[in-house]
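FYI, side chains are in, hydrogens and waters are out, and symmetry mates aren't considered; it's all heavy atoms of this structure. Here is how names work: the chains are called A, B, and so on, in the same order as the sequence lines, proteins then strands, and each is numbered from 1.
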Number of protein chains: 2
Amino acid sequence: MSLPHAILTALLERPSSGLDLTRRFDRSIGYFWSATHQQIYRELGRLEAEGHIRALPAEQPARGQKKAYEVLPAGRAELARWTAAAQDPKPHRDAMLLRLRAAAVVGTAGLEADLRRHLELHRRQLAEYEEIEERDFPPGEDSAQARLQHLVLRAGIELETFWTRWLTEALAGLPAAEDRPQEP
Amino acid sequence: MSLPHAILTALLERPSSGLDLTRRFDRSIGYFWSATHQQIYRELGRLEAEGHIRALPAEQPARGQKKAYEVLPAGRAELARWTAAAQDPKPHRDAMLLRLRAAAVVGTAGLEADLRRHLELHRRQLAEYEEIEERDFPPGEDSAQARLQHLVLRAGIELETFWTRWLTEALAGLPAAEDRPQEP
DNA sequence: ACGGGTTGTGCAACTAGTTGCACAATAAGG
DNA sequence: CCTTATTGTGCAACTAGTTGCACAACCCGT
């Protein structure tokens with residue numbers, strides 16, 4: 001039940017069209033709440049029907065077809081309510097950890113390549129986050145808003161740091177092909 | 001597409017009935033792949049239909065009704081295949097990070113209580129993991145199997161450590177009620 | 001022996017997210 | 001101009017996970 005709230009947040013930060021939102025979900029917002037354009041359009045429709053957002057009157061009327069949305073007071077209120085409401089953490093699901101556990105039983109054959117690939121992906125993501133940090137959060141920040149945003153980014157950085165470290169360790173600990181356990 | 005593989009792993013570690021599995025998903029396995037008993041029963045049915053597992057002939061026939069399952073060779077093969085296959089990491093979704101980002105826009109009013117609650121939950125989980133580590137992985141381990149299992153547990157420990165640290169930081173950084181930004 | 005909790009299994013309906021496709025409008029290239 | 005690529009919007013069908021309920025059997029106390 002969080003996609004609508006992710007969209008409300010994004011639209012409050014800046015009114016946008018569906019495609020704009022899609023792009024922003026591919027970068028910043030999507031780092032911790034991903035969504036496809038199909039989901040976004042569907043949800044925009046619902047939010048509009050509920051009176052939480054409305055389409056901005058197009059400046060260049062009907063030209064490019066691009067509809068931009070802005071958040072209405074009801075939408076902001078709903079977002080504030082949701083933010084403050086108690087929510088249980090969703091149960092975790094991590095396929096890689098599951099695969100490692102499976103490998104402990106059926107053997108690690110063939111796993112190494114994908115571990116390396118994931119390591120590389122996490123490294124890249126980490127680099128991207130660090131770039132954003134350098135660009136958008138120079139030392140000596142002030143506003144409460146900036147501090148909160150930085151905090152969220154820090155979470156991303158530290159999580160990716162953890163994964164790169166952990167995957168490196170995992171690769172180091174993988175048995176060499178010769179003495180690999182391979183239960184019958 | 002991982003629940004069946006989680007179940008296969010669990011059943012290889014030890015043949016179990018649906019309820020046994022449910023309990024094991026509430027402890028160890030479920031720490032990184034949670035599932036409800038309804039999901040588990042449904043999936044057991046499918047796995048049996050596909051010939052990946054089979055019901056063990058009951059020792060005390062029909063007594064308590066309890067059906068135990070074991071993995072067939074086809075099931076083990078499928079698990080090995082899945083473990084080795086390349087898989088893209090699933091996009092993240094973390095409601096708490098989203099809420100923080102929303103709070104940067106609509107204000108942090110009411111958030112503190114739930115942050116504290118989450119902190120407490122993560123602390124408890126961390127304590128549980130550390131207990132397991134102490135009990136099941138005394139220093140000087142040997143088998144490749146134990147090393148892999150320990151590695152997975154370490155991931156859990158380090159993730160919970162991160163979250164407790166991060167939430168503590170977040171709470172410390174929260175503006176006091178007086179000077180809280182509260183956009184109109 | 002009977003009423004109430006616990007154990008164990010399962011179906012049905014719903015919700016959220018994913019995948020695959022469609023199609024109009026405009027921009028870009030020959 | 002005419003075609004092709006890109007931009008922008010959206011529907012439909014499917015998959016995975018969640019919630020709510022049902023119900024038989026056994027176990028325990030009175």
Side-chain angles (χ1 to χ4, degrees), chain A residues 1-8 10-11 15-26 29-30 32-50 53-56 58-69 82 87-95 98, chain B residues 1-8 10-11 15-26 29-30 32-50 53-56 58-69 82 87-95 98:
Chain A
M1 271 296 294
S2 308
L3 176 57
H5 304 100
I7 291 180
L8 286 173
L11 287 181
S16 311
S17 70
L19 187 66
D20 282 349
L21 280 174
T22 302
R23 284 205 254 264
R24 293 172 63 198
F25 269 79
D26 284 342
I29 311 258
F32 47 89
W33 204 277
S34 69
T36 61
H37 77 273
Q38 291 93 331
Q39 272 180 283
I40 290 170
Y41 283 116
R42 200 180 1 179
E43 208 56 49
L44 282 172
R46 282 181 200 157
L47 285 167
E48 190 175 25
E50 285 165 3
I53 64 176
R54 66 159 184 170
L56 282 173
E59 302 120 37
Q60 41 217 20
R63 245 13 257 130
Q65 204 79 344
K66 215 155 106 169
K67 262 187 291 181
Y69 292 90
W82 177 81
Q87 291 174 49
D88 288 330
K90 282 270 152 237
H92 322 158
R93 288 202 173 104
D94 188 293
L98 186 55
Chain B
M1 270 292 297
S2 307
L3 177 56
H5 303 101
I7 293 180
L8 286 173
L11 287 181
S16 311
S17 70
L19 187 65
D20 283 347
L21 279 174
T22 302
R23 283 205 256 264
R24 294 172 61 199
F25 269 78
D26 285 343
I29 310 259
F32 47 89
W33 204 277
S34 69
T36 62
H37 77 273
Q38 291 93 330
Q39 273 181 282
I40 290 169
Y41 282 115
R42 202 182 354 178
E43 208 57 48
L44 282 173
R46 282 180 199 158
L47 285 167
E48 191 175 23
E50 285 166 2
I53 63 175
R54 65 159 187 172
L56 282 173
E59 302 120 39
Q60 42 219 17
R63 244 15 255 132
Q65 204 77 350
K66 212 155 106 168
K67 261 186 293 183
Y69 292 91
W82 176 82
Q87 290 175 49
D88 288 330
K90 283 271 153 235
H92 322 158
R93 288 206 173 101
D94 188 292
L98 186 56

* Determine, for nucleotides 15-23 of chain C in 5'-to-3' order, which nucleotides have protein heavy atoms under 4.0 Å from the base (write B), from only the sugar-phosphate (write S), or from neither (write -). => -SBBBBB--

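Atom CD1 of B/I40 and atom P of C/dG10 are 12 Å apart (whole Å). Atom CZ of B/R23 is separated from atom C1' of C/dT9 by 13 Å (rounded to the nearest Å). Between the CG atom of B/L44 and the P atom of C/dT9 there is a distance of 9 Å, given to the nearest Å. A straight line from CG of B/L19 to C1' of C/dG8 spans 6 Å, rounded to a whole angstrom.
In this structure a side-chain-to-backbone donor-acceptor pair under 3.5 Å is missing from A/S2 to A/H5.
Under the salt bridge (charged side-chain N to carboxylate O under 4.0 Å, His left out) criterion, A/R24 pairs with A/E13, sequence neighbours left out. Scanning for side chain to side chain contact (heavy atoms under 4.5 Å, CB included) contacts around B/E48 gives B/I53, B/A55, B/Y69, with sequence neighbours left out. Partners of A/R46 according to the salt bridge (charged side-chain N to carboxylate O under 4.0 Å, His left out) rule, which considers only residues two or more places apart in sequence or in another chain, are A/E43. Listed by chain and residue number, A/L3, A/A35, A/T36, A/R42, B/R93 satisfy the side chain to side chain contact (heavy atoms under 4.5 Å, CB included) test with A/Q39 (two or more places apart in sequence, or in another chain). Residues meeting the side-chain hydrogen bond (donor to acceptor under 3.5 Å, both in side chains) test with B/E50, sequence neighbours left out: B/H52.
In this model, the phosphate group of C/dG8 is not approached by any side-chain N or O of B/S17 to a distance below 4.0 Å at OP1 or OP2.
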